[in-house]
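Report on one structure; see the data block that follows.
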Amino acid sequence: MAKSKPTRSQLPPPEAPDGDPFSGSEMGAIAHLYRGEVYRSTIWRTRLDATTNWSVVSLGIALSLSYANPEASALPLLLVAPLIFLFLYLEARRYRYFNVWRARARWIEINFYAPLLKRQPYVNGPWQTTLAEDYEIPEHHISFSRAMGRRLRRNYLWIFSVQALAFFGKVIVHPVPLENWGQLFERMGTGPIPGWAAGGAVLGLYLSAATFTWVMLRADRKKLRDRPNPISMG
């Protein structure tokens, strides 16, 4: 009696050709994996933009209140600084998560899609082990301080620059332009806070943020200097 021909579902899975580490079905799975990582990185990129927008809007409100008329107080420009620092803290946390998905997507692009598009042979290598271990034991690729330094460098140092310039500009030109430097400290005073303390706090916070940004930039450059692709995997 003749044996029945096996159906498609009963056939063994196709094997990858010699020298090719992935079968057709495996390449399809990697394509879906890549799409998922791009989607997640896009979602977290949107969350980063949200906190930046909150900071810009908060500063805009403070500017509107302080510059509404010459007699308005510069206090809103002082109070907005802690709020912006809070948004910076939240955005640095979000950036650490965003960096995981972005790094995975870039890792697949560099080691899988780039050789594929160049018609170059791609073989089993350490990149696959690195990616697999990142899925087995997920962890942040960068420290919180580096994440905060990057967000300061990209967005928040510019926001703090506008805040500091707006504060000093307000006390210099309102209610009338300064006649001597003694008036500057008098105008910067708010309630029980003396002028030198308020001005020193604004200037000190800005210089601290600028110094921290510069230190983190040097640390980033030193760590990524020898990488063939510095933006991959953290």
Side-chain angles (χ1 to χ4, degrees), residues 40-102 140-175 178 184-221 231 234:
R40 289 199 286 189
S41 65
T42 302
I43 293 298
W44 281 87
R45 173 73 253 186
T46 303
R47 298 191 70 186
L48 293 180
D49 293 338
T51 44
T52 301
N53 291 339
W54 297 343
S55 300
V56 173
V57 169
S58 299
L59 180 58
I61 293 173
L63 285 168
S64 300
L65 294 173
S66 294
Y67 281 85
N69 61 75
E71 301 298 329
S73 172
L75 181 61
L77 292 171
L78 288 175
L79 297 179
V80 77
L83 184 60
I84 296 175
F85 268 107
L86 174 61
F87 291 144
L88 171 61
Y89 171 80
L90 295 176
E91 188 161 325
R93 289 183 58 193
R94 292 179 175 185
Y95 182 84
R96 297 184 76 194
Y97 286 96
F98 160 77
N99 187 71
V100 173
W101 322 129
R102 177 206 60 82
H140 294 297
H141 297 163
I142 63 173
S143 65
F144 182 82
S145 59
R146 286 181 63 196
M148 182 172 286
R150 290 184 182 183
R151 299 323 296 160
L152 275 166
R153 186 165 73 245
R154 299 296 183 185
N155 294 325
Y156 281 82
L157 191 60
W158 303 104
I159 296 175
F160 285 124
S161 298
V162 173
Q163 183 259 338
L165 289 174
F167 173 77
F168 287 110
K170 169 67 179 178
V171 298
I172 288 174
V173 301
H174 285 169
L178 284 180
L184 176 64
F185 293 101
E186 181 181 346
R187 293 181 183 183
M188 285 192 298
T190 303
I193 304 176
W196 63 267
V202 173
L203 189 60
L205 287 174
Y206 178 77
L207 292 177
S208 298
T211 302
F212 181 79
T213 303
W214 180 75
V215 170
M216 288 297 103
L217 174 61
R218 288 180 57 87
D220 254 354
R221 287 179 174 176
I231 64 173

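Throughout, numbering of the chain's residues begins at 1 and tracks the sequence.
Listed by first then second residue, pairs satisfying salt bridge (charged side-chain N to carboxylate O under 4.0 Å, His left out) with a partner in residues 43-52 read R45-D49, not counting sequence neighbours. Applying the salt bridge (charged side-chain N to carboxylate O under 4.0 Å, His left out) test to pairs two or more places apart or on separate chains, those with a residue in residues 71-98 are E91-R151. Pairs passing the salt bridge (charged side-chain N to carboxylate O under 4.0 Å, His left out) check and including a residue from residues 58-67, sequence neighbours excluded, do not occur.
Between H140 and Y97, the ring planes lie perpendicular to each other; the angle is over 60°, past the 30° to 60° tilted range.
Scored by the salt bridge (charged side-chain N to carboxylate O under 4.0 Å, His left out) test, R218 finds no partners at all (sequence neighbours excluded). Residues passing the side-chain hydrogen bond (donor to acceptor under 3.5 Å, both in side chains) test with Y206 are S161, sequence neighbours excluded. In this structure, N53 has no side-chain hydrogen bond (donor to acceptor under 3.5 Å, both in side chains) partners at least two apart in sequence or on a different chain.
With a 4.5 Å cut-off on side-chain heavy atoms, M216 and L152 do not count as touching. Taking the side chain as every heavy atom from C-beta outward, F212 and S145 approach each other to under 4.5 Å. Between L217 and T213, the closest side-chain pair of non-hydrogen atoms is not below 4.5 Å.
No side-chain donor-acceptor contact under 3.5 Å links Y156 to the backbone of I84.
Here S58 contributes atom OG and L79 contributes atom CG; the two are 12.0 Å apart, rounded to the nearest 0.5 Å.
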